[in-house]
Asker: 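Quick one: structure below, then a few questions.
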Amino acid sequence: MGIYVDPGNAAFEMSRFSEIYIDKSMLIAKVNAVYRTEKRFLCVSRPRRFGKSMAANMLSAYYSCGCDSAALFSGLKIEGDASYRKHLNKHHVIRLDMQKFLFQESHLHIFISKIQEMVIKDLKKDFGTYFEENAYGLPSVLEQIYAHTGCGFIFIIDEWDCVFRLAKEQKDIQKAYLDFLRGLFKGQDYVELAYMTGILPIKKYGEHSAINIFREFSMLDPGRFASDFGFTDEEVLALCKAYHVDYEETKKWYDGYLFGGLHIYNPMAVTELMENGEFKSYWAGTETYEALKAYIDLNFDGLKEAVIEMLSGIRCKVHTRKFQNDMTTFQTRDDVFTLLVHLGYLTCDQEAEEVFIPNKEIAQEFFYAADSPKWAGLIQSLKRSDSLLENTWKLDGDAVAQEMEAIHNETASMLKYNDENALTCTILIAYYSAKIYYMNPVMELPSGKGFADVVYLPKRETDKPALLIELKWNKSAEGAIAQIKERAYASWLEGYTGDILLIGINYDEKKGHTCVIERHIIK
């Protein structure tokens with residue numbers, strides 16, 4: 001047993017016998033299925049805290065001939081799979097955690113040589129008589145071992161992408177690292193299996209992946225590994241029952257990552273909740289939190305407005321194909337959205353090509369990130385939302401107009417307040433508190449002879465009125481109400497039996513905001 005070659009199973013043992021352990025062992029069967037095939041190169045990327053390292057430790061404990069892991073897998077699902085006994089502790093494994101070679105920036109210029117040096121040192125213990133070191137480094141050593149003994153290796157690499165997070169701007173170091181991986185894996189018969197995991201998918205240069213032999217399973221395309229990282233609805237429900245935790249509240253806080261038909265929860269957040277019983281954000285305290293602040297400040301193509309929309313429950317269109325899989329190459333807001341999906345701050349509905357904030361925990365992180373000078377006034381404006389909503393229910397249009405004016409002034413430095421799109425964004429800020437009583441707002445709801453600008457439909461458990469809002473620019477609030485009536489916007493809600501409020505809001509560049517609110521009479 002070595003440090004990097006044929007390691008032990010202590011890391012997986014700690015996970016296996018923790019108070020909360022969810023059986024993800026069927027991942028092994030899926031990986032076994034590609035052993036010594038053309039599809040044996042796998043790269044799985046997920047956000048932090050999604051169980052990537054636990055999975056890597058489990059695979060290492062399973063394959064490594066440097067330990068006996070039968071007791072650790074006793075009782076797990078994988079025991080019933082036909083491939084289980086065939087590979088259990090029968091392979092030479094090279095296990096690397098790249099972060100251990102890069103725990104400070106000064107290591108960037110030496111880490112590749114250090115990886116090779118340390119692995120070769122481990123290999124000498126069992127294979128020293130079969131190779132000579134030369135200028136071609138580790139790949140050459142492994143080729144010689146394979147030529148003399150026929151022994152291949154399984155590679156398990158965790159935090160494969162930490163180079164791109166630590167050396168964000170140093171393209172030469174990134175390229176040297178990718179060249180090293182290419183030389184280690186591409187066309188090499190000694191590779192029985194290669195499994196890499198990290199936060200980012202494999203870096204692209206131009207239109208092509210620099211290591212195109214790897215099949216990628218990411219937040220955008222999880223494939224058959226969708227249920228193997230993060231907790232599923234079924235697993236969370238079982239935990240909530242066992243720990244007497246409110247399941248519906250758990251969904252609001254930690255659900256929301258969509259993988260096809262699956263809802264996936266952040267496993268570390270759920271585990272923390274079960275152990276201490278407190279609903280809160282368990283996200284803060286790592287580099288990606290600071291990254292969120294930097295990325296949403298970029299404001300490509302109206303990114304700030306899009307963030308406000310998503311905080312209000314709106315989904316935003318996205319195109320992910322041009323993303324370069326690093327943390328610096330951005331040309332559009334789509335690039336920023338795509339990175340935030342990989343970091344876990346957004347989730348993506350691939351079929352609809354839309355991104356949105358997945359849950360309450362992540363929404364809080366956006367609020368923390370927005371508490372900065374570049375988002376001046378947003379938090380203060382959101383705090384006004386409670387009283388504005390109360391005044392809406394009271395049909396007090398003058399009070400709503402005054403609060404809209406205050407929100408306008410507080411966010412003037414953040415939003416370019418010069419068109420109806422900016423006015424819509426201000427409405428979403430103003431009615432943010434509606435999230436407690438209403439479903440996510442519907443934008444441009446088709447109804448009657450046109451589209452209502454914003455509609456809030458109450459949740460079933462509340463007795464609040466539906467809100468149908470029409471916006472005008474340099475016209476009149478009365479005209480907005482007249483348009484709602486003339487075009488029969490409320491007809492879409494004919495089957496709705498509760499109260500409906502018609503809200504007309506106008507912004508005049510000289511006079512400011514006016515608002516008229518009427519109760520709709522269903523005839």
Asker: Check the orientation of Y507 and H513. Use parallel for under 30°, tilted for 30 to 60°, and perpendicular for over 60°.
Answerer: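 Ring orientation, 0 to 90° scale: tilted.
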Asker: Picking from E365, Q364, K360, what satisfies side chain to side chain donor-acceptor pair (under 3.5 Å) with S281?
Answerer: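 Answer to the side chain to side chain donor-acceptor pair (under 3.5 Å) test with S281 among E365, Q364, K360: E365.
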Asker: Enumerate the salt bridge (charged side-chain N to carboxylate O under 4.0 Å, His left out) contacts for residues 397-415, please, sequence neighbours excluded, ordered by first and then second residue.
Answerer: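 Those involving residues 397-415 are R384-E410.
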Asker: Under the 3.5 angstrom rule, does the side chain of W160 hit a backbone N or O of C43 as a donor-acceptor pair?
Answerer: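 Not a single qualifying donor-acceptor pair exists.
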Asker: Which residue pairs satisfy the salt bridge (charged side-chain N to carboxylate O under 4.0 Å, His left out) criterion with at least one member in residues 270-282, sequence neighbours excluded?
Answerer: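 Non-adjacent pairs meeting salt bridge (charged side-chain N to carboxylate O under 4.0 Å, His left out): zero.
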Asker: Go through the steps to decide whether Y282 and N276 satisfy the test side chain to side chain donor-acceptor pair (under 3.5 Å), and finish with yes or no.
Answerer: CA-CA 12 Å; Y282 295 99; N276 65 38; 2.8 Å; yes
Asker: Assess the pair F225 and F217: is the distance between their ring centroids shorter than 6.0 Å?
Answerer: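 Centroid separation for F225 and F217: below 6.0 Å.
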Asker: Looking just at side-chain N and O atoms, do S476 and N506 make a donor-acceptor pair shorter than 3.5 Å?
Answerer: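 The criterion, which ignores hydrogens and geometry beyond distance, is not satisfied for N506 and S476.
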Asker: What about the rings of F356 and F337, do their centers lie closer together than 6.0 Å?
Answerer: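 Judged by ring-centre distance (under 6.0 Å), F356 and F337 do not meet the cut-off.
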Asker: Mark yes or no for whether K475, through its side chain, and A480, through its backbone, hold a donor-acceptor pair below 3.5 Å.
Answerer: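 Here the side-chain-to-backbone pair does not exist.
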Asker: How about F41 and F214: are their ring centroids closer than 6.0 Å?
Answerer: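 F41 vs F214: aromatic centres under 6.0 Å.
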Asker: For residues 228-245, which residue pairs qualify under salt bridge (charged side-chain N to carboxylate O under 4.0 Å, His left out), counting only residues two or more places apart or in two chains?
Answerer: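 Every pair satisfying salt bridge (charged side-chain N to carboxylate O under 4.0 Å, His left out) with a residue in residues 228-245: K24-E235, K30-D228, D233-K251.
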Asker: Per the side-chain contact (heavy atoms from CB on, under 4.5 Å) rule, which among T320, V318, L346 passes with V341?
Answerer: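 With V341 as partner, T320, V318, L346 yield a single side-chain contact (heavy atoms from CB on, under 4.5 Å), made by L346.
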Asker: T232 side chain to I264 main-chain N or O, any donor-acceptor pair under 3.5 Å?
Answerer: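 Side chain of T232 to backbone of I264: no pair is present.
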Asker: Assess the residue pair D158 and T197 against the criterion (side chain to side chain donor-acceptor pair (under 3.5 Å)); give the C-alpha distance rounded to whole Å, side-chain angles, the decisive distance to 0.1 Å, and a yes or no.
Answerer: CA-CA 5 Å; D158 197 11; T197 188; 4.6 Å; no
Asker: To check you understand the geometry: which heavy-atom pair defines the closest contact between A370 and W375, and what is its length?
Answerer: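 Result for this residue pair: O-CB, 2.9 Å.
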Asker: Please report the shortest heavy-atom distance between I436 and K459, naming the atom on each side.
Answerer: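 Heavy atoms only, the tightest pair is O-NZ, 3.6 Å.
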Asker: Evaluate the ring planes of W393 and Y437, with Trp represented by its six-membered ring, and classify them as parallel (under 30°), tilted (30 to 60°) or perpendicular (over 60°).
Answerer: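 If you compare the ring of W393 with that of Y437, the planes turn out perpendicular.
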Asker: Considering all heavy atoms of both residues, which atom of M58 and which atom of L27 are nearest to each other, and what is their separation?
Answerer: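 Taking every non-hydrogen atom into account, CE-CD2, 3.8 Å.
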Asker: Within the structure provided, determine whether D508 and T514 are in side-chain contact (heavy-atom separation under 4.5 Å).
Answerer: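 Not touching, per the 4.5 Å side-chain cut-off.
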Asker: Whether the side chain of T250 engages the backbone of D246 through a donor-acceptor N/O pair (distance < 3.5 Å, no angle test) should be reported.
Answerer: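 Yes, because the side chain of T250 sits within donor-acceptor range (under 3.5 Å) of the backbone of D246.
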Asker: Could you verify whether a donor N or O on one side chain and an acceptor N or O on the other, from E361 and N266, lie under 3.5 Å apart?
Answerer: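 Note: E361 and N266 side chains miss the donor-acceptor criterion.
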Asker: Is R165 paired with D161 through a side-chain N to carboxylate O contact shorter than 4.0 Å?
Answerer: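 A salt bridge links D161 with R165.
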Asker: How far apart are the closest heavy atoms of S381 and T411, and which atoms are they?
Answerer: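 In terms of heavy atoms, the two residues are closest at OG-CG2, 3.5 Å.
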